[in-house]
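Chain A is the first sequence line, chain B the second, and so forth, proteins listed ahead of strands; every chain is numbered from 1.
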Protein chains: 2
Amino acid sequence: MGHVSETSREWPRPKIRPRKAEVRNDQIFEAAARLFYEKGYAATSLQDLAGAVGLKKGSLYYYIDSKKDLLFAITDYAHRFFVELTENAKAEGGTPLQTLERMLFQHARFAAEHFHVTAAFYNERPTLSDAYQERIVATRDAYEASLRRLVRSGQEAGEFAADLDSRLAVFGVLGMINWIHQWYRPEGTLSPSEIATALSRQAVRSLMPRTDAG
Amino acid sequence: MGHVSETSREWPRPKIRPRKAEVRNDQIFEAAARLFYEKGYAATSLQDLAGAVGLKKGSLYYYIDSKKDLLFAITDYAHRFFVELTENAKAEGGTPLQTLERMLFQHARFAAEHFHVTAAFYNERPTLSDAYQERIVATRDAYEASLRRLVRSGQEAGEFAADLDSRLAVFGVLGMINWIHQWYRPEGTLSPSEIATALSRQAVRSLMPRTDAG
DNA sequence: ATTATTTTCTAACGCTCGGTAGGTCGTACG
DNA sequence: CGTACGACCTACCGAGCGTTAGAAAATAAT
């Protein structure tokens with residue numbers, strides 16, 4: 001060490017003044033997410049993307065280094081959300097049912113608010129590098145494991161039906177949430193929060209025991 | 001009419017002898033479904049597909065007319081299933097709950113048994129021609145409408161919770177089923193039928209009223 | 001007004017893709 | 001034996017792709 005980041009530390013004076021590059025960066029990010037959602041990563045050309053933000057395709061390289069970087073940025077946005085959600089899982093109090101419903105609510109609200117990003121996250125994973133895929137899968141597995149733990153705790157507490165296969169049950173509730181990006185449209189009548197409230201409630205209901213069972 | 005199918009009726013002699021072309025056709029269909037599932041349609045080259053069936057890419061055109069034909073064949077396989085499932089919806093007897101659970105079971109079993117096809121059906125719809133997309137969307141809408149009708153009937157009969165938004169509720173149960181292709185692996189311990197039984201039961205449970213509600 | 005810097009464009013590159021044309025080889029049939 | 005056909009291959013085309021280099025234009029600094 002010692003010579004590291006020598007170049008990037010040069011003149012660390014604060015970048016005042018809103019640089020145009022930053023707003024363009026956001027434009028490009030959002031347009032890319034929308035196009036990847038609409039046509040898929042491979043079927044979206046940089047020509048398409050450049051046109052969507054009012055540039056020529058060569059000019060995009062002033063902002064990005066490669067096409068894959070765009071997919072990485074979008075995917076990582078969702079990835080960081082799930083890391084955080086999983087970490088906060090244990091911090092929250094309440095019964096297993098309450099904790100589970102709260103986590104699913106947050107998950108569902110994110111899925112609706114960022115349905116472009118979520119769709120790309122789930123549809124384009126095979127396109128990512130193997131190393132990054134492994135990190136994502138590890139995060140997903142940890143998330144699912146924490147949900148399974150909640151289901152089993154709820155079963156022991158009698159909140160959830162005892163005859164459920166916790167693995168299958170978690171796949172079920174996750175499907176309810178992760179399917180949102182297939183039908184959600186921002187111009188609809190229900191807000192992301194309202195959708196998240198209804199779906200997370202329906203999800204935990206699918207785990208409850210039937211009181212009239214025999 | 002009268003001149004219709006004049007050309008196709010010429011020499012209707014039966015094609016005896018198992019033509020090699022037919023087994024190859026099936027090989028190509030299945031390999032294409034698997035590759036589209038694994039890498040996506042746009043990211044799958046005909047080179048990849050040819051290699052997967054032990055041919056050179058030019059030879060594929062002995063069996064197909066274009067790459068899009070492959071996606072159409074795969075998509076239409078799922079499409080025809082949903083058409084049939086919707087048509088059989090009213091034919092079946094029983095309470096709304098029983099009918100709904102039976103439909104979801106069939107849907108779920110198909111989704112697991114043909115998860116390659118199902119994944120392509122949902123992920124690659126934007127790739128299809130506009131005219132065919134419209135037919136698929138119409139079929140899907142009819143299917144969802146018949147499910148919503150069952151939910152509302154069940155609500156009137158007291159089988160389902162009265163405070164459910166039938167549209168949201170149907171999206172929820174469909175998500176549980178349509179998510180199967182994201183996690184199902186044929187080498188797992190549960191068969192498609194077992195998965196379909198558990199998930200369709202969990203789905204209808206998510207609609208039931210809580211008896212201890214207040 | 002002149003110079004620096006940031007942003008965009010033009011023009012081209014190497015490559016891969018889907019698709020085509022024509023030939024080759026084996027097998028079955030007359 | 002020969003010929004007809006099914007199955008496959010080789011070689012190629014044009015187009016579009018991601019990416020690069022360098023000039024031009026716009027904007028800011030001096």
Original post:
Of all the nucleotides listed (D/dG6, D/dC9, C/dG18), which has the minimum atom distance to the side chain of B/Y62?
Top reply: D/dG6
Subject >> Contacts of B/H116 that satisfy ring-ring contact (aromatic ring centres under 6.0 Å, His included) - sequence neighbours left out >> reply: B/Y37
**OP:** Return yes when atom CZ of B/R152 has more than 12 non-hydrogen atoms of other residues, nucleotides or ligands closer than 6.0 Å, and no otherwise.
**Re:** yes
Subject >> Integer-rounded Å distance: D/dG18 C1' and A/L46 CG >> reply: 6 Å
Subject >> Nearest listed nucleotide, side chain of A/K56, among C/dG18, C/dT10, C/dT8 >> reply: C/dT10
Subject >> A/K68 NZ to D/dC17 C1', straight-line distance once rounded to whole Å >> reply: 14 Å
Original post:
How long is the line joining NZ of B/K57 and P of D/dC12, in whole Å?
Top reply: 13 Å
**OP:** On the 0 to 90° scale, with breaks at 30° and 60°, tag the A/F82-A/Y143 ring pair as parallel, tilted or perpendicular.
**Re:** tilted
Original post:
Could you state the CG-P distance from A/N25 to C/dT6, rounded to the nearest angstrom?
Top reply: 15 Å
Original post:
Under 4.0 Å: is that the gap between some side-chain N or O of B/S59 and OP1 or OP2 of D/dC9?
Top reply: yes
Subject >> B/Q27 and B/R24: side chain donor to acceptor below 3.5 Å >> reply: yes
Original post:
Does the side chain of A/Q47 get closer than 4.0 angstrom to OP1 or OP2 of D/dG16 through an N or O atom?
Top reply: no
Subject >> Given D/dT19, C/dT8, D/dC8, the nucleotide with the shortest approach to the side chain of A/L55 >> reply: C/dT8
Subject >> Aromatic contact, B/H79 with B/Y132 (centres under 6.0 Å) >> reply: yes
Subject >> C/dC17 phosphate, OP1 or OP2, under 4.0 Å from B/S45 side-chain N/O >> reply: yes
Original post:
Taking only side-chain nitrogens and oxygens of A/Y61, does any of them come within less than 4.0 Å of OP1 or OP2 of D/dT19?
Top reply: yes
**OP:** Give the rounded distance in Å between these two atoms: CD1 of A/I64 and C1' of C/dT8.
**Re:** 14 Å
**OP:** Confirm from the modelled atom types if B/K67 and C/dG19 form a donor-acceptor pair under 3.5 Å, side chain to base only.
**Re:** no
Subject >> Whichever of A/D48 and A/G58 has its nearest DNA chain D nucleotide further upstream toward 5' >> reply: A/D48
Original post:
Looking at B/R24, does any N or O in its side chain come under 4.0 Å of the phosphate oxygens OP1/OP2 on D/dG6?
Top reply: no
Subject >> Options C/dG18, C/dT7, D/dC8, nucleotide nearest the side-chain atoms of A/Y63 >> reply: C/dT7
